[in-house]
Amino acid sequence: MNPLTLQRLSVRFRLPRGVLVRAVSDASLQLRPGRVLALVGESGCGKSVLASALLGLLPGNAETRGRALLADGTDLLDAPESDLAGRVRGREIGLVPQSASTHLTPVRTARSQLAETVGALRGPSGADELAERAGLDPADLDRYPHELSGGMAQRVALALALAGDPRIVLADEPTTGLDRPLVHRTVDLLAEVAGEDRAVLLITHDLAAARRVATDIAVMYASRIVEAGPADEVLAEPWHPYTAGLLAALPEGGFEPIPGHPPALTELDRIEEEWGCVFCQRCPDRPGFAPCNGDPELVEHGERRVAAHSPC
Ligand SMILES: Nc1ncnc2c1ncn2[C@@H]1O[C@H](COP(=O)(O)OP(=O)(O)OP(=O)(O)O)[C@@H](O)[C@H]1O
Ligand code: NI
């Protein structure tokens, strides 16, 4: 059994006056030990909401559907908070947050915070060992948060995420604000963490970083996973025009961003009704912006799947 299996996970938010935000729609994914799954997509497509759902950290106006199953059958979507707090967060799933330094208490050294977390989670490794596994000189643990560089803070955050010896490590935009060499260093460390037989979910809009370490990739657009599969295959020959568009936006792809913007997540039902699919309005394969007919079909082939019209 895989450490985590998502089955048609959906999350929507209820806003005043009956407005609904469809943040995640029917997401199905598997995290596997020893592998890095990169979840990529433009800002606002629902990546962080998906992560929050797995950690039981959605706000009160969220409604979920589907299942998010741990290997022992626990469904994270309906597990009681006591279970999530006592057993899941930190122990089953370690979180590497977006801006590491804001998660550290300013008045205490990194070492005291790491030691406290190890104690609270009853983790098997000491602070020095965790620091080394996170690529940090143990001597740097004696620094206060304001004495840590961005890269060091990120490594402290990784050490904290490993403190409870979790089988799953979830990193949500762990490279924000880091320069390119540090981005590489950070994602390389995540690959090493996967090498310890953990499953890593790397959430990022940095496709170049994802390409560097991902073994598997899932591409999210307007709340849906539109394409997924082994990273080398998907990135060498994308099946969805959105994936192709993301690659074309990279420097080596020619720096040609996809024109237009993703639709507002409050508008998805209306757009699907009018257009058939939510990507048509930006789709290079539909000159003249002809609407598609109906839902994009899901095509599965081996380990790959794509939800697009042909051509979409
Ligand atoms: N509590 C909430 N109530 C209503 N809408 C919300 C709430 N939380 C998030 N959203 C909306 O859900 C959508 C998805 O947000 P999310 O943070 O998951 O995007 P993302 O893909 O992680 O983007 P980024 O790359 O910028 O981190 C956004 O449109 C956001 O405004
Ligand atoms: Ni289409």
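Atoms within a ligand are numbered from 1 in the order they appear, just like the ligands themselves. Any value given below was found using the heavy atoms of this structure, including those in side chains, with hydrogens, waters and symmetry copies removed.
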Checklist line | Verify atom 22 (O) of ligand 1: protein non-hydrogen atom under 4.0 angstrom away | finding: yes

Note to self: I need the full list of ring pair (Phe, Tyr, Trp, His ring centres under 6.0 Å) pairs touching residues 184-238, with sequence neighbours left out, sorted by first then second residue.
What the structure shows: Tyr221-Tyr242, Tyr221-Phe279

Notebook entry, point to check: Short list, please: which atoms of ligand 1 are under 4.0 Å from a heavy atom of Glu173?
Noted result: 25 (O)

Notebook entry, point to check: In terms of residue, atom name and distance, what is the protein heavy atom nearest to atom 17 (O) of ligand 1?
Noted result: Ser48 CB, 3.6 Å

Margin query: Any side-chain to backbone donor/acceptor pair from Ser28 onto Gln7? Under 3.5 Å, distance only.
Written below: no

Next item on the list: Indicate yes or no: does an N/O atom of Leu265 lie under 3.5 Å from an N/O atom of ligand 1?
Entry: no

Next item on the list: Return the residue, atom name and 0.1 Å-rounded distance of the protein heavy atom closest to atom 26 (O) of ligand 1.
Entry: Ser43 OG, 2.5 Å

Next item on the list: Would you please say whether a donor-acceptor pair under 3.5 Å links the side chains of Gln98 and Asp172?
Entry: no

Notebook entry, point to check: When only distance counts, is Val49 in polar contact with ligand 1, meaning an N/O pair under 3.5 Å?
Noted result: yes

Item checked: Part of Lys47 within contact of ligand 1 (heavy atoms, under 4.0 Å) -> both

Note to self: For the CZ atom on Arg133, are there more than 12 heavy atoms of other groups (residues, nucleotides or ligands in this structure) within a distance under 6.0 Å?
What the structure shows: yes

Note to self: What I want to check is whether the side chains of Arg87 and Thr74 have a donor and an acceptor closer together than 3.5 Å.
What the structure shows: yes

Checklist line | Leu201 with Val96, same ILVMFWY side-chain cluster at under 4.5 Å | finding: no

Check: What about Leu4 and Val193, same hydrophobic cluster or not, with Ile/Leu/Val/Met/Phe/Trp/Tyr joined at side-chain heavy-atom distances under 4.5 Å?
Finding: no

Notebook entry, point to check: By number and element, which atoms of ligand 1 are closer than 4.0 Å to a non-hydrogen atom of Pro59?
Noted result: 1 (N)

Item checked: Closest protein heavy atom (residue, atom, distance) for atom 20 (P) of ligand 1 -> Gly44 N, 3.5 Å

Margin query: Does Glu273, at its CD atom, have more than 12 non-hydrogen atoms belonging to other residues, nucleotides or ligands within less than 6.0 Å?
Written below: no

Notebook entry, point to check: What atoms in ligand 1 come closer than 4.0 Å to a heavy atom of Asn61?
Noted result: 1 (N), 3 (N)

Checklist line | Shortest protein heavy-atom distance from atom 9 (C) of ligand 1, along with the residue and atom involved | finding: Phe13 CE1, 3.6 Å

Margin query: So, using salt bridge (charged side-chain N to carboxylate O under 4.0 Å, His left out) as the criterion, who are the partners of Glu267 when residues are at least two apart?
Written below: Arg270

Next item on the list: Take atom 30 (C) of ligand 1 and look for protein heavy atoms under 4.0 Å from it; say yes if you find one, no if not.
Entry: no

Item checked: Structural part of Asp172 in contact with ligand 1, heavy atom criterion under 4.0 angstrom -> neither

